[in-house]
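In what follows, every chain begins at residue 1, and chains take the letters A, B, ... in the order their sequences are listed. The basis for the numbers below is simple: all heavy atoms, side chains too, and nothing from hydrogens, waters or symmetry mates. What you are looking at is a predicted structure, and each value in this text was computed from that prediction instead of being measured.
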Number of protein chains: 2
Amino acid sequence: MASFMLSDFLPYRLAVVASRMSGAYERRHSSDSGLSVPEWRVLAHLSQSSEVSVREIQTRVDMEKSKVSRAASRLEAQGLVAKVVNPNDRRLVSLSLTSEGKALMVRLTPIALQFQADVRALLGADAEQFEVSLNKLMKAKL
Amino acid sequence: MASFMLSDFLPYRLAVVASRMSGAYERRHSSDSGLSVPEWRVLAHLSQSSEVSVREIQTRVDMEKSKVSRAASRLEAQGLVAKVVNPNDRRLVSLSLTSEGKALMVRLTPIALQFQADVRALLGADAEQFEVSLNKLMKAKL
DNA sequence: ATATATTTGTTGCATTTGCAACGATGTCAA
DNA sequence: TTGACATCGTTGCAAATGCAACAAATATAT
């Protein structure tokens, strides 16, 4: 039997590409934003759905709730996010962007879209098919 | 302008899929092996190239050298890997699998290959093209 | 040969992470 | 209502991580 090749192993390759891509994107915006990846995810999610709980973000954004909670606290300390107890259900916290947070997202969005465009350009004609497969993997119960 | 959609963002999707896939694979073998991901990577790399330094693994396997060093130490403590100073260049450490380490890889290799086959089956006819694109991203300087 | 610079692997340290426990709130049934 | 149970967000804690500093070994230059 041929010896096992880690460099051909799908989970490995995916992890390496994902880590490099996250790093590359982080380098592009961190000098402006100073955000970590978890903070970026929370901020970006809030920009598309204005009033959300920690739990909502946890499920939508694929992060542990403690990670979300801590990222939200850091964002609050930076003045980018407001945390208010939900009056209808006082267990929930309503997270929303401050005007400062919105302003940051206005600056970050074009950077994100440009980065994504660059990646797609790199893939050329295969980009669309690649994303279809990626969606399959997202939906699959791995 | 349409609001930014994190769920469509490539670095995000890639990170989520990679993390889930690594987790799924880890669940399949950890009950047998007890290995963490860094330990698995070092062990798997050693199985395909018998005598290697920490630096070699660091570059080939895309891990910080401290991560490699600590993973190797844990593997040594478990009796799976032998660490010897290289007599030609005494800065280097020669890592190699013990017979116990080889035996573990013999058990793990079919599990890994089966997992990969399952993922490819999930992607169906698109699997090949997906891996071509993944290779493009691996080679790109992101 | 000697001094300087580079490479290699380990370790200290601060930060981040995942997990479980917890208090607080809310739901449901009897 | 009361009591048992579930849900939400935070926090304590141990482990993992990234980075810089470091000692040892080697390479390079003068």
Side-chain angles (χ1 to χ4, degrees), chain A residues 15-16 18-20 22-27 30 34-43 45-46 49 51-78 81-96, chain B residues 15-16 18-27 30-31 33-43 45-46 51-78 81-96:
Chain A
V16 170
S19 158
R20 285 187 190 161
S22 275
Y25 173 60
E26 204 177 358
R27 278 192 298 279
S30 66
L35 295 177
S36 68
V37 170
E39 288 161 6
W40 152 255
R41 283 196 191 173
V42 169
L43 202 77
H45 183 72
L46 287 180
S49 51
E51 292 261 329
V52 233
S53 67
V54 168
R55 167 146 183 42
E56 174 81 9
I57 296 187
Q58 173 193 355
T59 59
R60 300 255 188 192
V61 149
D62 215 74
M63 282 170 53
E64 288 289 318
K65 62 179 176 175
S66 63
K67 213 172 178 179
V68 175
S69 172
R70 282 164 176 147
S73 295
R74 287 193 298 263
L75 290 169
E76 187 189 27
Q78 296 169 48
V81 159
K83 281 170 65 179
V84 181
V85 174
N86 184 325
N88 298 329
D89 184 340
R90 300 172 42 76
R91 291 172 302 183
L92 305 182
V93 175
S94 266
L95 299 174
S96 58
Chain B
V16 169
S19 158
R20 285 188 191 160
M21 193 176 291
S22 275
Y25 173 60
E26 204 177 357
R27 278 192 298 280
S30 66
S31 63
S33 71
L35 295 179
S36 67
V37 170
E39 287 160 8
W40 153 255
R41 283 196 191 173
V42 170
L43 202 77
H45 183 72
L46 287 179
E51 292 261 330
V52 233
S53 68
V54 168
R55 177 172 195 299
E56 175 81 7
I57 296 186
Q58 172 193 355
T59 59
R60 300 255 188 192
V61 150
D62 215 73
M63 281 170 53
E64 288 288 319
K65 63 179 176 177
S66 62
K67 213 172 178 178
V68 175
S69 172
R70 290 194 249 244
S73 295
R74 287 193 298 265
L75 290 169
E76 186 189 28
Q78 295 169 49
V81 160
K83 282 169 64 177
V84 181
V85 173
N86 184 324
N88 299 328
D89 183 340
R90 299 173 44 74
R91 291 172 301 182
L92 304 182
V93 175
S94 266
L95 301 174
S96 57

Rounded to whole Å, how long is the line connecting atom CD of E64(B) with atom C1' of dA16(D)? 13 Å

Side-chain (S22(B)) to main-chain (S19(B)) donor-acceptor, under 3.5 angstrom: no

Determine whether a donor-acceptor pair (N or O, by modelled atom type, separation under 3.5 Å) exists between the side chain of S69(B) and the backbone of K65(B). no

Can you confirm whether the side chains of K83(B) and S96(B) place a donor and an acceptor under 3.5 Å from each other? no

Heavy atoms from C-beta onward define the side chain here; which of dT17(C), dT10(D), dT11(C) lies closest to that of P38(A)? dT17(C)

Separation of M63(A) atom CE from dC19(C) atom C1', in whole Å? 15 Å

Protein-nucleotide distance (E39(B), atom CD; dA15(D), atom P), rounded to Å: 14 Å

Quick one: does V61(B)'s side chain get under 4.5 Å of V42(B)'s, heavy atoms only? no

Of R70(A) and V93(A), the one whose nearest nucleotide on DNA chain D sits closer to the 5' end is V93(A)

With a non-hydrogen cut-off below 4.0 angstrom, is S36(A) in contact with a base, only sugar-phosphate, or nothing? nothing

Can you find a pair of side-chain heavy atoms, one from V93(A) and one from S53(A), that are under 4.5 Å apart? no

Side-chain N or O of S53(B) closer than 4.0 Å to phosphate OP1/OP2 of dG9(C): yes

With DNA chain D as reference, determine whether S66(A) or L92(A) sits nearer its 5' end, using the nearest nucleotide of each. L92(A)

Exceeds 12 heavy-atom contacts within 6.0 angstrom, atom CZ of R60(B): no

Between protein and nucleotides 25-28 of chain D, what N or O pairs are separated by less than 3.5 Å?
unit_1	atom_1	unit_2	atom_2	d
dA25(D)	O3'	R90(B)	N	3.4
dT26(D)	OP1	R90(B)	N	2.9

K67(A), nearest nucleotide to its side chain (from dG18(C), dG9(D), dT10(D)): dG18(C)

Gap between atoms CG and C1', on D62(B) and dG18(D) respectively (whole Å): 14 Å

Could D62(B) and R20(A) be called an ion pair, given the rule that one side-chain N must be under 4.0 Å from one carboxylate O? yes

Is there a side-chain contact between K65(A) and the phosphate of dT17(C), meaning an N or O under 4.0 Å from OP1 or OP2? no

Specify the separation, in whole Å, of atom CD1 of I57(B) and atom P of dG9(C). 9 Å

Closest of dG18(C), dG18(D), dC8(D) to the R55(A) side chain is dC8(D)

S69(B) vs dT10(C): side-chain N/O to OP1/OP2 distance below 4.0 Å: yes

